[in-house]
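Because the structure is a prediction, the values reported are computed rather than measured.
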Amino acid sequence: MLKNSFARVVAIIVAALVLAVVSNGFASRQRRLMLPGYYPNALRVPPPERETPPAPQAAPPAGSAPASATDTTASLPPATATAIGNQTPVVVSTATIAPAIPPVKETHVPAATATQPAIAPAPVPAPPAADVLARFTPHPDRAYVEISGADAAALHAKGVLFLDARRTSVYEEGHIAGARPFSVWESDVDEKVNALFNERSDPREQNLPIVIYCSGGACEDSHMLSEKLWGIQFNNIYVYKDGFPDWQKRGGAVKTGGQP
Amino acid sequence: MTAREALTHPWLTIRVQLALGAIFVAAALPKLSDPPSFAHMIYNYRILPAGLINISSLTMPWVEILCGLALILGIWVRPARWLITLLLVTFMIAISINLLRGNAIDCGCFDVSAAGKTHAERLHDMWFVLIRDAGMLLMCAQLAWSERVRRTEVAHTDREVGPSP
């Protein structure tokens, strides 16, 4: 009797495994999972999440020091910002480096139709527009640098590429205008990463800033995506730590639907 | 009727079996409909190595639905009950580990969408999940006890009457 029951337990598990693999094979791209997945920090317990106060409406004066080593909302030059990714290069599991193709001349995301008012000007004088990009220099030793909403707004105004690491269904409900959907949880993320690499195959283009965001708070999707991109030589990645909720609070340009 | 007779009565047992089966079918459906979100939930537990997260998130809902259907249909009840007990104990250990670590997570038991709760709310919910899982473990125990009593009674009757020709 026991032996018979044990065999049936094994049969149920095997049946579940077969059904899982078959159903995953027939699933749509947004619902399919890669086997195996790529999760560099799968066993690393995140530090306790702080109850974050409302996002600041303006950037502090340029060059002001953060309150603590973990204060990631201060508007600082990237070289002094904190919360950096792994120090060792990350190898992308399934991404392949495709042969270089002629670089795309216009890499800026086209200005999308905004459904909300444009970003309100910060009361604190912003650095001159020409200096904005100069502050965001490549950092090949780090996967990403976390930036504040003010920095994200400044980069958005300069037409820097924004990537949305949240699920596509969430992206379609509302995203930063011009941002592209790059969910790390969907099976086509490596295709998108490869396409971006082909689009920016020139090393100079790979050093252009890219801003990645997700839902803020404890969300790590943007960090995971930045490590993927860093693994294929994108050396100027910025994680908008407070993410889309902060962007909405700031009144940044938002677009709905599946297009950037 | 003694308490033992009441707790192992077929009237109660069949209802517990159907309820437990329905709970596990209901728990499996949202996971089956959105495996990436469930994989995200499993990732948040920070217990499984990277290579096992996706295959677990794909397989576990199918185990749940097969076991749930087995209980509802009354076939392979014992192995289904064993597997459900194993799943519940695993969930409780995983939740407890994260409670001890202070890692507030959404359980992902019946809903795989990010709930947008605060750290304190998540910790509170984790305690509730532990109690709920303990309740379901008691349901498994009732099924096991009931089966044991029934088998004892059958064996006793066989001894008295003798094997049928």
Side-chain angles (χ1 to χ4, degrees), chain A residues 1-2 4-24 27 29-52 93 166-170 183-187 189 214-221 224 245, chain B residues 28 32-67 69-70 75-84 86 97-98 100-106 112-114 116-120 122-123 151:
Chain A
M1 178 67 83
L2 277 177
N4 196 19
S5 293
F6 183 74
R8 287 174 177 176
V9 165
V10 174
I12 291 173
I13 292 172
V14 170
L17 197 58
V18 171
L19 286 166
V21 172
V22 171
S23 63
N24 191 51
R29 280 185 170 190
Q30 290 183 22
R31 299 193 184 285
R32 191 182 307 155
L33 286 170
M34 288 181 296
L35 292 175
Y38 170 74
Y39 309 110
N41 297 318
L43 296 173
R44 187 181 64 80
V45 181
E49 184 185 349
R50 291 180 301 172
E51 300 296 339
T52 52
S93 59
R166 301 171 303 161
R167 296 294 307 282
T168 302
S169 56
V170 180
S183 172
V184 287
W185 295 100
E186 294 169 8
S187 62
V189 65
C214 54
S215 305
C219 177
E220 291 182 38
D221 297 358
M224 290 165 71
Chain B
L32 286 174
S33 66
D34 193 358
S37 292
F38 185 48
H40 199 167
M41 294 287 170
I42 291 182
Y43 169 82
N44 288 341
Y45 278 82
R46 310 298 175 121
I47 285 174
L48 280 183
L52 294 180
I53 289 175
N54 283 0
I55 192 67
S56 301
S57 61
L58 287 169
T59 308
M60 200 185 298
W62 283 107
V63 172
E64 288 181 346
I65 205 163
L66 289 176
C67 290
L69 287 174
I75 51 172
W76 289 16
V77 171
R78 184 190 252 205
R81 195 187 68 228
W82 281 2
L83 273 172
I84 284 175
L86 183 67
I97 288 172
N98 280 289
L100 288 173
R101 298 195 291 200
N103 183 28
I105 52 175
D106 290 316
V112 292
S113 60
K117 294 173 183 164
T118 64
H119 184 86
R122 285 200 177 103
L123 285 178
R151 191 171 298 153

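- For A:Arg31, the parts sitting under 4.5 Å from any heavy atom of chain B are the backbone and the side chain alike.
- Panel note: side chain B:Asn54, backbone A:Leu35; no donor-acceptor pair is recorded below 3.5 Å.
- From A:Leu17, atom CG reaches atom CG of B:Leu58 across 9.5 Å, with rounding to the nearest 0.5 Å.
- Here the side chain of B:Arg46 pairs a donor or acceptor atom with the backbone of A:Asn41 at under 3.5 angstrom.
- Shown here for A:Ala16 and B:Val63, the closest heavy-atom pair between the two residues is CB-CG2, 3.4 Å.
- Once rounded to the nearest 0.5 Å, the distance linking CG of A:Leu33 with CD1 of B:Ile53 reads 10.5 Å.
- The distance from atom CG of A:Asn24 to atom CD1 of B:Ile55, rounded to the nearest 0.5 Å, is 8.0 Å.
- In this structure, the portion of B:Ser33 lying under 4.5 Å from any heavy atom of chain A is its backbone and not its side chain.
- Of the atoms belonging to A:Ala27, not a single heavy atom falls under 4.5 Å from chain B.
- Only the backbone of A:Gln30 has a heavy atom closer than 4.5 Å to any heavy atom of chain B.
- Ring planes of B:Tyr43 and A:Tyr39: tilted class, angle from 30 to 60°.
- If you measure heavy-atom distances from A:Ser23 to chain B, the contacts under 4.5 Å come from the side chain alone.
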